[in-house]
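A short worksheet on the structure shown next.
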Amino acid sequence: MPSLSHDHYFDLSSALHVPDSHTWPTSSLHDHPTATGEADAIPIIDISGPNAASLIAACRSCGVFYATGHGVPARLLHDVELQVRRLFSLPLHRKLLAAPCSGSVSGYGRPPLSSFFPKLMWSEGFTLSGDPLPVASKLWPHDYSRFCELIEEYYKEMKKLAERLIKLMLLSLGLDEDEMDRVGPVKELLRATDVLQLNSYPACPDPERAMGMAAHTDSALLTILHQSDGTDGLQVLRDGEGSGPAHWAGVPPLPGALVIIVGDLFQILSNGRFQSSRHRAAVSRADHRVSIAYFIGPPEDVKIGPVGSLVDQGRGPEYRPVTWPEYLGIRAHLFDSALASVTLCGMTEDAEKND
Ligand SMILES: O=C(O)CCC(=O)C(=O)O
Ligand SMILES: [Fe+2]
């Protein structure tokens, strides 16, 4: 049986003010300045172009880029977004019928990150892992087939795109085709684990005090994010070389482009050459924003560790190998320190000799 009851939920879409439970301290909302300027422009990469891999190489420290030329039909993105809006516009008591059953992650509820923070976020989520039918039929007992068809098509397109992106990202690190085929996630892509996270950020009467989605990195290999046109929300933390003092940079919706976010497992796989991106979502006073995040990770039994050719022989690997479920287990305890906890202390040759 679903474990959530109506009483634990507050209907964000009809709220006239931000209650204390959803009011975030200024110290977390403004931990870094927020900037939107030319210098922050997030790279836009035509991944069908001849220079895609070398352009992606330039985004390694930033951990995020827009992908154009991705081949996902605009019609599909549009239709899936309509279904997502249809889902979230259901009355709260109907959505709660699809709260996850014990042992399953699929269903309606607060964003998965919520448990790590004392304040609630101004968002609702719907997680889909595997067949959408069991949860969709709880929402719409007689009218779920269009939703399911579109979600199935979306999964297929996303998996195809994720495969292209993972290969391009490995190519950008200098791996050749043979070497790439031996790398766990590429060899195992057909069995890859993928999850869709539908996010809804209702218009908020006081966006300066609320947080749509708190700062985090994504745990998987990579995330492909579709965001609704016209409403800003996504921000990434930029603190790399050349981007000045640490600040939140806006990643506004760019019509036709998808946002690619490097996850922690790709940081591990690339031995730190790619950095996972710390990001968050702000809310808007006027608009109801939705986003669709597709997370791709290795099959549950495949360990992800640094690719051999990216390991400096003197220093050794920067991270120990982990499976995705193992890493999620570590995050459930340590959250932001999860990556640090699987980081190995590099040993220089000198240090080894002195041992
Ligand atoms: O809605 C967004 O822009 C961000 C969503 C996100 O970060 C997530 O689902 O992990
Ligand atoms: Fe995320």
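In each ligand, atom 1 is the first atom listed, and ligand 1 is the first ligand listed. When a residue number appears, it is its place in the shown sequence, counting from 1.
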key: Distance under 6.0 Å and angle within 45° of ring axis: R278 vs W248   = no
request  = Might you work through the ring-ring contact (aromatic ring centres under 6.0 Å, His included) test for F147 and W140, ending with a clear yes or no?
outcome  = CA-CA 10 Å; F147 178 86; W140 301 289; 5.1 Å; yes
key: Between S123 and N199: side-chain donor-acceptor atoms closer than 3.5 Å   = no
key: Residues E300 and R191 bridged, charged N to O under 4.0 Å   = no
key: Pair Y319 and Y327, ring centroids less than 6.0 Å apart   = no
request  = For residues C59 and I45, report the shortest heavy-atom separation together with the two atoms involved.
outcome  = SG-CD1, 3.5 Å
query = Is the closest basic N to carboxylate O distance between R85 and E81 below 4.0 Å?
reply = yes
key: Flag for D264-S219: side-chain donor and acceptor within less than 3.5 Å   = no
ask   = So how many protein N, O or S atoms does the Fe ion (ligand 2) have within less than 2.8 Å?
value = 3
Under 4.0 Å from ligand 1, counting heavy atoms only: the protein residues, by chain and number = Q197, N199, Y201, M213, H216, D218, L225, L234, H279, R289, S291, A293, F295
message = Show the nearest heavy-atom pair for residues L77 and Y154, with the distance to one decimal.
response = CD2-CE1, 3.7 Å
